[in-house]
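Bear in mind the structure is a predicted one, so any value in this text is a computation, not a measurement. Whatever order the structure lists ligands and atoms in, that order sets their numbers, starting from 1.
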Amino acid sequence: MTADRTAGTPGQGDPALGDFPAHAPDTRRWCFADQLGAHFLDAPDQPVLLVESRAVFRRRRFHRQKAHLLLSALRHRAAELGDQAVFLQTDTYAEALDQVREPLSVCAPTTWPARDFVLRRPGVEVLAARGFVTDQTRFGNWIAHRRGRLLMDDFYRDARRLHDVLMDGAEPVGGKWNLDHDNRQPPPADGRSPVPPPVLPVEDEIDEQVRADLDRWVADGDVAFVGDDGPRLFPVTAAEAEVRLQDFLDHRLREFGPIEDAMLAEEPWLAHSMLSATTNLGLLDPREIVHRAEQAWRDSVAEGDPLPLNSVEGFVRQVMGWRDWIWHLYWQLGREYRHGNALDAQEEVPAWMAELDAEAVDANCLSHVLADVRDRGWVHHIPRLMVLGNYALQRGIRPLAMTDWMHRVFVDAYDWVMVANVVGLSLHADGGVLATKPYAAGGAYIDRMSDYCGGCRYDPRKRVGEDACPFTAGYWAFLDGNRERLAPNLRMRQPLAGLGRLKDLDAVVEQERLRGTDAP
Ligand code: SF4
């Protein structure tokens with residue numbers, strides 16, 4: 001693991017380590033569109049600068065609902081702050097900053113290019129990043145002592161100890177750090193979610209204006225979007241975020257753990273919190289989320305009706321484990337990490353996938369997941385990893401292209417979110433730095449964890465023929481095509497040995513070569 005830290009500016013911190021001062025209370029605070037909560041300010045009445053840059057939307061073809069969410073959140077924050085904020089709507093950030101004459105401070109932005117930009121800008125003091133449970137500098141020191149061992153579980157345990165979360169003295173509550181043996185269960189057999197759907201926000205006149213502006217930009221030919229427009233599904237204010245959090249704690253957390261990996265065709269939300277977009281906009285402080293989840297568990301124990309610890313621990317691990325881990329790795333793995341392509345994957349994202357054309361696809365799982373992304377800009381982590389990512393891994397889609405696509409189509413995705421998730425975890429393009437083996441799976445996994453296969457024209461048990469499942473056949477073709485690259489990996493010894501037992505391997509490989517990335 002090497003970090004490329006070339007953007008350091010004398011007098012400022014190391015951008016990869018986030019080694020910046022913590023506070024600058026007397027300056028106007030420039031808040032990016034993902035730094036919208038009160039925890040990005042040093043005082044409730046601190047003057048604020050907010051910038052809406054149109055060029056951001058011109059550069060990439062985002063999901064329409066993602067553009068709406070970002071603009072709506074920024075404009076709601078400006079309205080909420082009133083005279084406390086200078087709100088500039090310009091083409092670029094540079095144009096906006098040219099209009100500001102007073103010194104500014106900004107919490108370290110969340111991407112390499114944005115961090116470079118603020119570091120080079122005279123009159124802008126860069127502060128330590130906020131919006132995460134754990135501290136970037138401390139993580140840099142922590143990882144320096146790991147001797148190449150990069151395990152999320154190690155980080156998560158230390159973070160729990162340090163922040164005293166779900167601890168019973170020096171030990172984890174319940175005696176175990178990870179209670180996933182009680183999770184990862186298949187979906188309910190009746191195909192229904194055990195919890196009511198989440199409380200959805202109500203749009204207002206700001207949303208109306210955002211919608212009209214986006215329509216106008218598209219009509220002008222200035223920007224283009226993918227995905228359907230639709231009612232706004234995610235919070236854009238701290239008040240809406242609080243409703244979403246409390247709704248989750250009250251009605252969904254209890255059921256969360258066991259079905260967190262399950263997929264149901266008609267139940268996109270299941271018991272998920274849907275807090276990722278909100279937290280990544282900076283509307284909720286993840287320390288508060290973790291604290292509230294723990295408090296809900298402790299209250300439930302005191303009341304004699306305990307929330308299942310596997311649900312609470314699984315949720316806490318998502319927020320302060322995985323989320324912080326992916327954030328820190330974005331910086332620690334350096335700028336070049338995104339270009340990793342250890343499996344030499346050279347296919348482009350196929351047009352049907354890029355366009356979210358669910359109707360073009362027969363494979364029920366892929367079609368449903370694409371339709372969900374088209375309709376909402378959101379699916380939970382398993383459709384992302386085990387349907388979309390699994391497909392891209394098996395079919396050899398370029399990691400950088402897949403990272404870009406996922407960044408654009410998910411409402412909660414940012415560069416820092418997607419790079420390690422896609423390059424490292426999903427596509428194994430880093431050669432195993434983050435994941436000890438590729439997340440490749442055949443149709444049997446999808447069949448076990450969803451209700452997709454029952455209504456599919458393919459059969460998850462078949463690998464050759466008209467009804468051969470593209471995931472099952474694709475799995476074997478993937479192993480065959482990467483046999484030599486994966487052979488040194490001890491954890492792949494058994495799956496690779498399975499290849500030798502397939503009498504129809506040549507037919508499977510030829511069939512999948514012909515299928516390629518055509519819509520399955
Ligand atoms: Fe997906 Fe294969 Fe199941 Fe069809 S049979 S839903 S393609 S896993």
Side-chain angles (χ1 to χ4, degrees), residues 184-193 259-268 270 347 349-376 379-397 402 405-406 409 426-428 438-481 495 498-499 502 504-505 507-520:
R184 297 179 177 158
Q185 291 180 19
D190 65 359
R192 307 310 308 173
S193 172
I259 54 168
E260 68 173 305
D261 285 3
M263 300 176 277
L264 282 175
E266 302 303 326
E267 299 280 2
L270 281 165
E347 297 291 335
V349 176
W352 53 268
M353 189 180 236
E355 298 301 322
L356 303 173
D357 187 359
E359 273 71 40
V361 181
D362 286 341
N364 210 24
C365 53
L366 257 179
S367 180
H368 264 284
V369 172
L370 278 183
D372 286 347
V373 179
R374 177 197 66 206
D375 295 346
R376 301 180 197 89
V379 289
H380 71 74
H381 61 285
I382 294 299
R384 295 189 204 203
L385 182 68
M386 300 310 293
V387 178
L388 298 172
N390 190 19
Y391 178 84
L393 174 70
Q394 292 183 0
R395 303 286 151 176
I397 294 177
M402 196 64 187
W405 179 73
M406 284 198 159
V409 300
S426 197
L427 301 187
H428 208 68
Y439 278 97
Y445 173 86
I446 295 172
D447 192 24
R448 186 167 66 253
M449 297 306 294
S450 79
D451 64 351
Y452 292 135
C453 297
C456 186
R457 88 162 185 82
Y458 299 111
D459 182 337
R461 293 160 303 181
K462 297 273 184 67
R463 56 180 176 264
V464 187
E466 277 292 295
D467 58 350
C469 166
F471 283 92
T472 300
Y475 172 77
W476 292 112
F478 165 77
L479 286 185
D480 181 69
L499 280 173
L502 296 191
D504 52 8
L505 181 61
V508 173
V509 169
E510 179 59 8
Q511 166 189 280
E512 294 313 297
R513 188 188 67 75
L514 292 174
R515 178 141 57 183
T517 56
D518 289 350

Item to check | Distance filter under 4.0 Å to Gly443 heavy atoms, resulting ligand 1 atoms | outcome: 8 (S)
Checklist entry - Taking heavy atoms and a distance under 4.0 Å, where does Pro470 meet ligand 1: side chain, backbone, both or neither? => result side chain
Item to check | Distance-only polar pair, side chains of His380 and Asp261, donor-acceptor under 3.5 Å | outcome: no
Next on the checklist: Counting the benzene-type ring for Trp, do Trp405 and Tyr391 have ring centres under 6.0 Å apart?
Outcome noted: no
Checklist entry - Does any N, O or S atom of Cys469, backbone or side chain, fall under 2.8 Å from atom 2 (Fe) of ligand 1? => result yes
Checklist entry - Any donor and acceptor pair, going by atom type alone, linking the side chain of Ser367 with main-chain N or O of Ala363 inside 3.5 Å? => result no
Next on the checklist: Below 4.0 Å, non-hydrogen atoms only: which portion of Cys365 touches ligand 1? Side chain, backbone, both or neither.
Outcome noted: both
Checklist entry - What atoms of ligand 1 come closer than 4.0 angstrom to any heavy atom of Cys453? => result 3 (Fe), 5 (S), 6 (S), 8 (S)
Next on the checklist: Quick check on contacts: which atoms of ligand 1 are under 4.0 angstrom from a heavy atom of Cys456?
Outcome noted: 4 (Fe), 5 (S), 6 (S), 7 (S)
Item to check | Aromatic Tyr452 / basic Arg457 pairing, under 6.0 angstrom, 45° off normal | outcome: no
Next on the checklist: Check Arg184 with Glu260, please: is the shortest side-chain N to carboxylate O separation under 4.0 Å?
Outcome noted: no
